Structure formats: C-alpha cells, structure tokens
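This structure is a prediction, so every number in the text was calculated from the model and none was measured. Naming: A, B, ... by sequence-line order, numbering from 1 per chain.
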There are 2 protein chains.
Amino acid sequence: MSKEVDVPAFRSQCPVAASLDLLGDKWSLVIVRDLMIGKRKYKDFQDSPEGIPTNILANRLRKLEGDGIIEKRPYQEKPVRYEYALTRKGADLLPVLQQLALWGHKHIPGSWSPPDWFLNAKPGDLPQEK
Amino acid sequence: MSKEVDVPAFRSQCPVAASLDLLGDKWSLVIVRDLMIGKRKYKDFQDSPEGIPTNILANRLRKLEGDGIIEKRPYQEKPVRYEYALTRKGADLLPVLQQLALWGHKHIPGSWSPPDWFLNAKPGDLPQEK
DNA sequence: ATGTAGACTTGCATATTGCAAGTGACTCAT
DNA sequence: ATGAGTCACTTGCAATATGCAAGTCTACAT
C-alpha cells in the first residue's frame, strides 16, 4: 500500500485554485488554525470544539506534512510521542486565516471576534519548526 | 423535495471554522474568484480551466445563493437566461482570495502571479449586485 | 423541420467523510 | 502483577459528496 500520500495534480495554474487543491476542504485550515494558536499534539487537535473525526485528523496531518505545510517530530521516546509544527510555508497562511476570520466575524452571526494578538501577528511570530 | 438547500449548522463559533462551513470545499471559492474576475454566466464558469462538473456547479451556485454570497437574476426573458453576481458579503471575500493567491504564488511552483489589478482591488471596486 | 445554445437535471460509479470501535506501547495506582 | 488509563493512531462500514456522461427544456436560427 502506497500510504495514501500522492503527488497532487493541480487543476490549473491559478494560484487560488492550486491553493484550494491543497487546502480546499473543511478540516485542513482548522488544523492550521490550531497550530497557530499553539496546539501541537494529536490530542490537542481532537479536543478542538469542531470535533474532527480521528481518521480524518490522521489523514490530514499526513497530507499537510506531505505538502510541506507542517512537520512532525517525536518529542519523546518510550513511548514515542509526536508533536506537530508549522513550517514557514504553513506559517505563511496566517494572512489567509486572518482575512478569513475577519470575514467570518463580519458576516456570520454569532461567530466570535478574532483576538487582537491573532490579527496583529505576523507569520514570523508564530511558533514554528526550523 | 426540499431542493437541497438546508440551513447550515456551524461546527463552532470560531470565525475560521464557521467560514469554512460555508466555503470549505474545492469549488466554492473558485466560483467566487470567477465572479471577481468578471464572469457572470453559467457557461462562463463551466469554461474555466479547472473544469467544474455541471452538477457541482449548479449545486454550488444554489448554496452560495442560499448563503447570501451571490445573487442570481434573469437578464433576459424568452428564453430566460440568468446571470450571477457577488453580494457585498461575497465581494468582501476579496481580501481572503488576495491572500490565498499570494500564498499560492509564493509556495506552489508553477502557479501564476496574481495580476496587479486583482491585488490592488478593494471589495467596493468589484462588479456586484445592489 | 433540423440544428444549435444556454442552463440546467439525472443516473451512476467512485471517492471522501463521519462514526464507532479497536490496537499497541507505555505509565501509574492498587 | 493485574487493571485501568493515556496517547496516537487504524480499521470497518455507512452516509455523503464528487465526477463523468448523457439527457432535458425552451427558444432562436436556417
């Protein structure tokens, strides 16, 4: 079995469409959001209020890693436990999520206001690998 | 039959997650992009290089309209033909798509550079209804 | 009458999602 | 030294969504 990570064939060279080929689903950007707010372990992602199914979480972590958006590394042996972090490529999604959060807050009644630290942050401020 | 437009139950009140409840799929933002670059008719969307299947196009147009992101109106009778346009809510997605386009261009090899007019535009500049 | 165009709908196969339960490695309390 | 618990997943399977091809309906064009 090829471990279900295949090279993505982009639908077009449009940067919007190509980005959506990597991130255009209900869960990927939720995981990226969690990493931006400091979550790093599998359990942390599971505990988010959206309630991601565990098989989808495992699949998305693999995909995001395969696409170079996050990195996985063991932070302890015995038993081996992993943590995840954004790469620079992943941290660069901050402006996208900032704008998406602003849009949601403005147009979706009942959605929270994004915290100021989040809106004022820059990609380099985020916790990230390397 | 209830015409397959149901009221969305948001996964959480996080503005990122709630936005993705409306837009988190491979096609919705591609249609929004097309409207931003001036496309307005069903056929225009079909002809985009990504090649959206027609059943998905019809479904997404219905959903986006139901969520108040686009509007549909007949521009001629006999035979009746429709055109679509962004609402203000839809036009407000411009900063999201601008950032997504910048990210894609920076991190996805082979993706085009977004045109300057697109990067410099503001939501109010876009063709929109009302 | 025949052909073409626009805006869809329908049928059906494949792929993705979601839910529940299970697994394996280890730690900790009794 | 069991037994229970945690973490990071995997597996099975049903429900839903996506993708492809073809068909429909109305109207205009020849």
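- Atom CD1 in B/Ile52 sits about 14 Å away from atom C1' in C/dA7, given to the nearest Å.
- As judged by a 4.0 angstrom heavy-atom cut-off over every strand, A/Tyr84 is placed among residues touching the sugar-phosphate backbone only.
- Under 4.0 angstrom from either OP1 or OP2 of C/dA7 there lies at least one side-chain N or O belonging to B/Tyr75.
- The nearest whole Å value for the distance from the CD atom in A/Glu77 to the C1' atom in C/dG24 is 16 Å.
- Side chain of A/Tyr82, nearest nucleotide from C/dA7, D/dC28, D/dC9: D/dC9.
- The NZ-C1' distance, from B/Lys78 to D/dC25, rounds to 14 Å in whole Å.
- Under the 3.5 Å distance criterion, with hydrogens and angles disregarded, no donor-acceptor pair is assigned to the side chains of B/Lys63 and B/Ser28.
- No donor-acceptor contact under 3.5 angstrom links the side chains of B/Thr87 and B/Glu71, judged on distance only.
- In this structure, the CG atom of A/Leu57 is 13 Å from the C1' atom of D/dT10, given to the nearest Å.
- The shortest side-chain heavy-atom distance between A/Asp125 and A/Trp117 does not fall under the 4.5 Å cut-off.
- Rounded to a whole Å, the CD atom of A/Glu65 is 15 Å from the P atom of D/dA8.
- Taking atom OH of A/Tyr42 as the reference point, atom C1' of D/dT6 lies 14 Å away to the nearest angstrom.
- Among the nucleotides C/dA7, D/dT10, D/dA8, the one closest to any side-chain atom of B/Lys43 is C/dA7.
- Rounded to a whole Å, the CZ atom of A/Arg40 is 17 Å from the C1' atom of D/dC7.
- In this structure the side chain of B/Leu57 never reaches within 4.5 angstrom of the side chain of B/Trp27, judged on heavy atoms.
- In this structure, A/Arg62 reaches the D/dT10 phosphate: one of its side-chain N or O atoms is under 4.0 Å from OP1 or OP2.
- Applying the ring-ring contact (aromatic ring centres under 6.0 Å, His included) test to pairs two or more places apart or on separate chains, those with a residue in residues 81-106 of chain B are B/Trp103-B/His107.
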Atom pairs under 3.5 Å, N or O on each side, protein against nucleotides 14-19 of chain C: can you list them with distances?
from   : atom 1 : to      : atom 2 : distance (Å)
C/dT17 : OP1    : A/Arg60 : NH2    : 2.6
C/dT17 : OP2    : A/Arg60 : NH1    : 3.3
C/dT17 : OP2    : A/Arg60 : NH2    : 2.7
C/dG18 : OP1    : A/Lys26 : NZ     : 3.0
C/dG18 : OP2    : A/Trp27 : NE1    : 2.4
C/dG18 : N7     : A/Asn55 : ND2    : 3.2
C/dG18 : O6     : A/Asn55 : ND2    : 3.4
C/dC19 : N4     : A/Asn55 : OD1    : 3.3
C/dC19 : N4     : A/Asn55 : ND2    : 2.6

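- As a whole-Å value, the separation of B/Arg81 CZ from C/dA7 C1' is 6 Å.
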Check your understanding: side chain to side chain contact (heavy atoms under 4.5 Å, CB included) between A/Leu23 and A/Leu93: does it pass, once the steps are laid out?
Key -> CA-CA 10 Å; A/Leu23 302 163; A/Leu93 285 166; 3.6 Å; yes

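- OP1 or OP2 of C/dC8 lies within a sub-4.0 Å distance of a side-chain N or O belonging to B/Lys72.
- Remark: B/Arg40 does not engage B/Asp44 in a salt bridge, criterion side-chain N to carboxylate O under 4.0 Å.
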